[in-house]
Structure formats: structure tokens, C-alpha cells
Number of protein chains: 2
Amino acid sequence: MKNQSETHHETRHTASLERMLSSFGPLGADDIAYIRDCFTGVLQTHAAGSPVILAPERNEARLVFKGWAARGAMLEDGRRQIVGLNLPGEMIVASGAVDTDMLVWALTDVVTIDGTAFWTGMSELRTQSPPLLEAWRHYRTAERLRMARQVIRLGRLNAYERTAHLLLELHERQARLGPVVAGVLHLPLTQDILADILGLSAVHMNRTLQQLRRNALVDYRAGRAVLQNLTSLAQAANLSADCGPSL
Amino acid sequence: MKNQSETHHETRHTASLERMLSSFGPLGADDIAYIRDCFTGVLQTHAAGSPVILAPERNEARLVFKGWAARGAMLEDGRRQIVGLNLPGEMIVASGAVDTDMLVWALTDVVTIDGTAFWTGMSELRTQSPPLLEAWRHYRTAERLRMARQVIRLGRLNAYERTAHLLLELHERQARLGPVVAGVLHLPLTQDILADILGLSAVHMNRTLQQLRRNALVDYRAGRAVLQNLTSLAQAANLSADCGPSL
DNA sequence: CGCTATTTTGACCCCTTTCAAGTGACGTGG
DNA sequence: CCACGTCACTTGAAAGGGGTCAAAATAGCG
């Protein structure tokens, strides 16, 4: 449960963020430079399981540099629901994400860096670069759409469909954050956590993954999932136009 | 399935919007004036069941003036999930809400008015009024939080809890849009539609409502629901701090 | 006063959960 | 090097919440 701060000023902590934003709209060299200038703070380490605490009054935002974080809620009777994930290159905001009952915590060991400057810079249009703002806007829209998809998954898909649907989303999401081998998914989550994302019991999560494995759609194990057949997986996820080029 | 446009320039179509924004932060007379100036367009009527089509390329936004709209998706096998509702005084945006598979449609007869000017005005900071921007930001945050709550409802609450939870949310939401009698909820939705919001079958939705009625928590009928005991309803919804002052 | 849309009801089935026990894979300490 | 505890993953059996189907009862409405 360590939560210390380290003074790091390595090469670039923003590589994933840059790549992700670029995937939403081409950025210029000046945009990249601007982004890098925004993240000069101190890295902070959050041990797996520990909360990521943000200061709402400062409108604090943090960029995930390493590891996976989750935003969600825990009911007092032990039930837990993850609303959304934060992968490296993505940002965590205090407002809205965190509230009375909503909180953010580290799923794996996580390293973050302060991104308040960047966040407020974007929302207050401190940069004049239209491409950057455009990319940013698309990113925010994609986030919104992802949440909507999460609602549909939980509301109308069964366990099998949900799982396929989520894996496909994560696959396309990782492609935005950095180069990936098609079909190979870095997935450092226990089945327990996957269950909390998909609104299932851990036991049923396990059985569903086995079913996907048996059907030769997904090979999941030890922090890594291989989507062996993207098209039939998409079919299983009940995505008609859904998983198209845009996703 | 009429979808005609009418030329109306009545008193104020923005009353609910004004009230709602004010509930997030006090507005000045100039802010009210600004808002009114933004909505001088032609009213548009959407018959119940018909889609509300927005132009994403124009970044079109529309203010709901009358009636209830829904944002969601329909799977090709007939399953349908509503992601979120749009009550009078709230805005519908093209980006994010509408996509390949996501769409917006009228649940009741709906009247909307173009709000693109206001929307882009807010996101591009064309107004310099800090209070207005502050209220707007809070509104957007509340929207985000609402979606997160929808995820938690669908992921971890059972039918009974879900229903109680939703009714409480709508109750507090209507209070922001205009004066309401405590506990009385204008609810122009069929059980069919409620089921599509809560991820239930219509049959089970019906049984759940009966259960709430039997327990003297909710009296639901004909476009109107009376929440007879807010505290025990909140308890049923599994809201500890959740339904507190902020919601 | 019929016609259609919505609400109810009953019976049956199955997807998921729950409970409980068992198997591995590691990492630590003796 | 092996016993031991922990954590994640499996498996089995039983119960339950919610879905599905189909038909009846109401409620609206022109």
C-alpha cells in the first residue's frame, strides 16, 4: 500500500497520450511540444488496490503513465461495479468521476503524473491549435460513447456477449494508445476485476471465459488475451455496424 | 409520424434550461439574456416514437422544450436499451450521443429548438461570464455522473433497487427543471419504456412496480408517480450517501 | 362503443448467483 | 529444499431472479 512520490523526469511520459490523440486527428510538432510542456510534474505511484485521490476543488486531473486504474463504486454490502477503466495515456479527472459514492482506484500498480495544466488548458482553450482541440474533442466524445456502450452491455447483453464486446473494445482502445499485434491484448486484470466491470459474479466470469476459449474465440491467461477470431468475436458480441472502423 | 416545423416565437422556451442551470450555480440577468438570445430558432415537433435526427457535421445541438426523448441503441434482434433520457430543459447533442449504433428518439411527442449556438458558445467560451460557465460545467459533470449511476444500476442492482434508484434520480432531476411537489413525479413513460431504461423485460418491470406499490413506496399510474416515502425508497435503492444533498 | 395500446397474470424455463470445496501457482520462512 | 499461506482460478450442485410465451383484463381514444 505504498503511495510515495518519486522525482522522475525521464524521456516522455506522454507517449501514449500523444499517440492516442493523434489517432483522433493528426497533430503538429507544436502540439506535441505543447503536450510535453504540460506534463513536467512529479510522478506518483499508486499500489494496486489503493485509491487514486484527486482534489476536486483544484479540478485536479492526472495522466495515467503506467498501469490500469478503475472508476466505479462500492456498495456497502460488498458489491462493486466498475464504471470505466483508465489505461496508460488516458486521464483521470476529479469532477464527475469522483463524487460522493464514485471513486477511482488502481487495479495494478499505477504511476500517474499531474495533468491539471493540460486539462484546464484544453477546457479553457488556452491553446489556439485547432487540430489539437479537435483531437481532444474527439477523445472526449469517444469516452462518452464508451460509457454508453458500457450501459448497453450491462443492460441488454448476456455474459457471453458482454465479454466479447468488452474485449473488442479494449483491443481497439489499445491500438490507439500504442502499436499492438492484431488480436493480442495486454490484459492485466484478474477475472475478479473483469467480473466487476461486466456486472457478473467471478464464478460466472470464469465460466464465460472458458466458453470463449472452448469456442476458440479467445485465449485468455496471465495478463494476456489473444482474440483468435475478430470477426466471429464481433458477431458474438452482437455488433453489426458497431465494431466498424470508428468504434 | 409527423415531423413538421412550426414557426413559434412564444414567451420563453428556455425557462427550464434557465432554471436548471441556475440550480447548478446562480446566474446573472445578463446570463439569462444571453441564453434567451441563443434560442431564437424555429420549433420542431417530433412525434412519439420518431427519431430525433441531428447533423453531426454541424455539431448540431437541440434543446428539448417539451416532451421526453431517449438516447440509446436497438439491437437487430429487437432488444433495446436506453442509455439516457432527455427531459425538457436539457440538450441533445449530435457528437457522442449519436453514432453508428447510438440514436435519439422521442418517447412522447417532443418539441425541440435549435441550440447549436448555445452549445458551441459554451464549449468555445464565447461568453465571458464565469457564473454561466461554472453552471454549465456543473451541468455537464452531473450528466456524466448520471451515466455512471446508470452503469451501477444495471451492473449491480436488482430490479427492485434499480427502479427505486431511477425514480429518485428522476425526482431530483425534475426539481432542477422546475418547481415540483415533493414526491410527485411527472412520468410520461410506459412500463415498456421503463423496462428499456432499466434493462428489464416489460413483464418483470410490471411486477417490480407492483412490488413497490405493495410496499407503499411508490404509487405509479398514468404518467404520474408518487414517491410516498423518500427515505425508505432511498434505502431500497441502496443509496447510503448516494442520494444526499448533491445527487 | 368497438379498437388498439398498455398493464396484468400464470406457468415454465434458463441464465446467473451463491455456497463450498478443491486445484494450482507463487513467495516466504524454516 | 520443502512446508505453508496466499491469491487466483476451477468445479459442482442447488437455488433464485428474471426472461419468455401466451392469454386475459384494463384503459384510452376516436
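Just so we're clear, the structure is a prediction, and the values are computed from it rather than from any experiment. All chains are named by letter (A, B, ...) in the order of the sequence lines, taking the proteins before the strands, and each is independently numbered beginning at 1.
Residues passing the salt bridge (Lys or Arg N to Asp or Glu O under 4.0 Å) test with E161(A), sequence neighbours excluded: R79(B). Listed by chain and number, the residues in a ring-ring contact (aromatic ring centres under 6.0 Å, His included) with Y139(A) are W136(A) (sequence neighbours excluded). By the side-chain hydrogen bond (donor to acceptor under 3.5 Å, both in side chains) test, R162(A) is found to be paired with no residue, residues two or more places apart in sequence or in another chain being considered. Under the salt bridge (Lys or Arg N to Asp or Glu O under 4.0 Å) criterion, R153(B) pairs with E169(B), not counting sequence neighbours. Judged as a ring-ring contact (aromatic ring centres under 6.0 Å, His included), and not counting sequence neighbours, Y160(A) has no contacts. Every residue meeting the salt bridge (Lys or Arg N to Asp or Glu O under 4.0 Å) condition with D219(B), not counting sequence neighbours, appears here in chain and number order: R221(B). With sequence neighbours excluded, the residues forming a side-chain contact (heavy atoms from CB on, under 4.5 Å) with M147(B) are R144(A), M147(A), R71(B), V83(B), listed by chain and number.
Counting only residues at least two apart or in different chains, salt bridge (charged side-chain N to carboxylate O under 4.0 Å, His left out) contacts with residues 206-215 of chain A are absent. The side chain to side chain donor-acceptor pair (under 3.5 Å) analysis of residues 183-193 of chain B, with sequence neighbours excluded, yields the pairs Q191(B)-N206(B).
Overall, the helix from dC1(C)-dG30(D) to dG30(C)-dC1(D) carries an axis bend of 30° between its ends, with five pairs at each end and the value rounded to 10°.
If you walk DNA chain C from 5' to 3' and mark each nucleotide with an atom closer than 4.0 Å to a heavy atom of chain B, the marks span dT6(C) to dA11(C).
Taking only side-chain nitrogens and oxygens, Y160(B) never comes nearer than 4.0 Å to OP1 or OP2 of dG17(D). Between Q210(A) and dT11(D) there is a side-chain N or O to OP1 or OP2 distance below 4.0 Å.
Across the protein-nucleic acid pair, N206(A) atom CG and dT10(D) atom P stand 5 Å apart, rounded to whole Å. Note: CG (L154(A)) to C1' (dG18(D)) measures 16 Å, nearest angstrom.
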>> Strictly under 4.0 angstrom, non-hydrogen atoms only: write out the protein contact profile of nucleotides 19-28 of chain D, one letter per nucleotide from the 5' end, B, S or -.
In response: SBB------S

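A salt bridge is absent between D109(B) and K66(B): the closest approach of a Lys/Arg side-chain nitrogen to an acidic carboxylate oxygen does not fall below 4.0 angstrom.
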